[in-house]
Amino acid sequence: MTIKEMLEKAALLGLPATAETVKFCEESEISSIIRHTLPYLLLTHALCGRTSGSSMLFVFARASFSERESDGHYPGFPSLPLTEIGRAMDQTAALFSGYTKSAGTGKIPLLRRIAKLKGGRTERFDPLNQYWIWASSHNRELRTTLFSGSLSSPPASLEGWYMI
């Protein structure tokens, strides 16, 4: 995965990431910021930065799930459990917190609560499908949205993250 590929995916999803304002993170750097390692780390790549012409900070991350996460969840129509989706969005919110507030300070970003969970459509889990998470702050409220594949209709979003 490259910066260019991630920027192209963000553009396809209608997200305002730009090349001159982003930092590219791979698994090892993500792991060092949020203090998660395999097999618990779900994020593989991330762009951290500011939207063009704005002061809005964002993280755009790629999450990877295995068939193990959906095994036994709706047999005959396996789907990714909302708990796993929430775990990936939690890691993205922690990366956002770590990148924007405590990156380089040695602090571990912790999230204490969320205010709103919105679930969308349920889809059959495909291990080849790519999952993307957008995190940004609006009026001091951190929001995360999960996108599945190339569809711009998100299956889930979480709002109101409270960061410690």
Side-chain angles (χ1 to χ4, degrees), residues 1-19 22-49 51 56-100 109 111 114 116-138 141-161:
M1 181 78 22
T2 66
I3 291 176
K4 183 180 178 198
E5 290 170 329
M6 289 192 72
L7 289 171
E8 287 170 358
K9 179 50 96 174
L12 282 172
L13 294 171
L15 301 171
T18 58
V22 297
K23 174 181 175 28
F24 181 69
C25 299
E26 291 184 326
E27 221 167 40
S28 61
E29 189 169 3
I30 294 168
S31 177
S32 72
I33 293 172
I34 68 172
R35 303 296 206 283
H36 280 70
T37 59
L38 294 173
Y40 302 104
L41 181 64
L42 297 172
L43 306 181
T44 61
H45 300 86
L47 296 178
C48 305
T51 58
M56 184 175 74
L57 295 167
F58 71 88
V59 168
F60 181 58
R62 184 182 182 301
S64 179
F65 301 98
S66 70
E67 291 181 75
R68 180 179 48 85
E69 280 96 359
S70 66
D71 190 32
H73 193 251
Y74 297 113
F77 189 84
S79 63
L80 196 57
L82 193 53
T83 54
E84 292 303 310
I85 291 170
R87 196 163 62 107
M89 289 197 287
D90 174 69
Q91 290 179 12
T92 306
L95 180 61
F96 181 94
S97 175
Y99 176 73
T100 60
L111 303 161
I114 58 169
K116 300 173 196 166
L117 166 64
K118 295 179 184 177
R121 71 197 185 316
T122 301
E123 64 181 30
R124 184 180 209 52
F125 178 74
D126 178 355
L128 300 177
N129 197 10
Q130 294 185 352
Y131 293 88
W132 303 91
I133 303 167
W134 178 262
S136 60
S137 180
H138 302 272
E141 178 181 86
L142 180 57
R143 297 178 184 171
T144 57
T145 305
L146 178 112
F147 296 91
S148 173
S150 60
L151 302 174
S152 60
S153 173
S157 66
L158 292 169
E159 298 178 12
W161 290 98

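Here, residue 1 is the first one in the sequence, and each next residue gets the next number.
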(Q) I'd like to check the salt bridge (charged side-chain N to carboxylate O under 4.0 Å, His left out) partners of R143; sequence neighbours left out, ordered by chain and number. (A) E141
Q: State the CD-OG distance between E84 and S66, to the nearest 0.5 angstrom.
A: 8.5 Å
(Q) Measuring from atom CZ of F60 to atom CG of L15, what distance do you get when rounded to the nearest 0.5 angstrom? (A) 5.5 Å
Q) If you measure from CD1 on I133 to OG on S148, what distance do you get to the nearest 0.5 Å? A) 11.0 Å
Q) At their closest point, which heavy atom of F96 faces which heavy atom of L57, and how far apart are they? A) CE1-O, 3.4 Å
Q.
List the residues meeting side-chain contact (heavy atoms from CB on, under 4.5 Å) with S64, not counting sequence neighbours, and say none if there are none.
A. T44, R62
Q. Do Q91 side-chain atoms and L42 backbone N/O form a donor-acceptor pair below 3.5 Å?
A. yes
Q) If you take all heavy atoms of A94 and I34, which pair is closest and at what distance? A) C-CG2, 3.7 Å
Q | Spacing of I3 atom CD1 and L47 atom CG [to the nearest 0.5 Å] | A | 6.5 Å
Q: Could you pull out the closest heavy-atom pair between A46 and L95, with the gap in Å?
A: CB-CD2, 3.5 Å
Q: State which residues pass side chain to side chain donor-acceptor pair (under 3.5 Å) with S31; sequence neighbours excluded, sorted by chain then number.
A: none
Q. How long is the span from the CG atom in N129 to the CZ atom in F65, to the nearest 0.5 Å?
A. 10.0 Å
Q: List the atom of I33, the atom of Y99, and the distance in Å for their closest heavy-atom pair.
A: CG2-N, 4.3 Å
Q: Before giving the answer on side chain to side chain contact (heavy atoms under 4.5 Å, CB included), spell out for T2 and F24 the whole-Å C-alpha distance, their side-chain angles and the decisive distance to 0.1 Å.
A: CA-CA 8 Å; T2 66; F24 181 69; 5.7 Å; no
Q: Please identify each residue that fulfils side chain to side chain donor-acceptor pair (under 3.5 Å) with T37, with sequence neighbours left out.
A: none
Q | Atom pair CZ/CG of R87 and L41 - distance to nearest 0.5 Å | A | 9.0 Å
Q | Under the side chain to side chain donor-acceptor pair (under 3.5 Å) test, residues paired with W134 that sit two or more places apart | A | S136
Q | Verdict with supporting geometry, E5 and H45, side chain to side chain contact (heavy atoms under 4.5 Å, CB included) | A | CA-CA 11 Å; E5 290 170 329; H45 300 86; over 6 Å; no
Q | ring pair (Phe, Tyr, Trp, His ring centres under 6.0 Å) against H36, all qualifying residues, sequence neighbours excluded | A | none
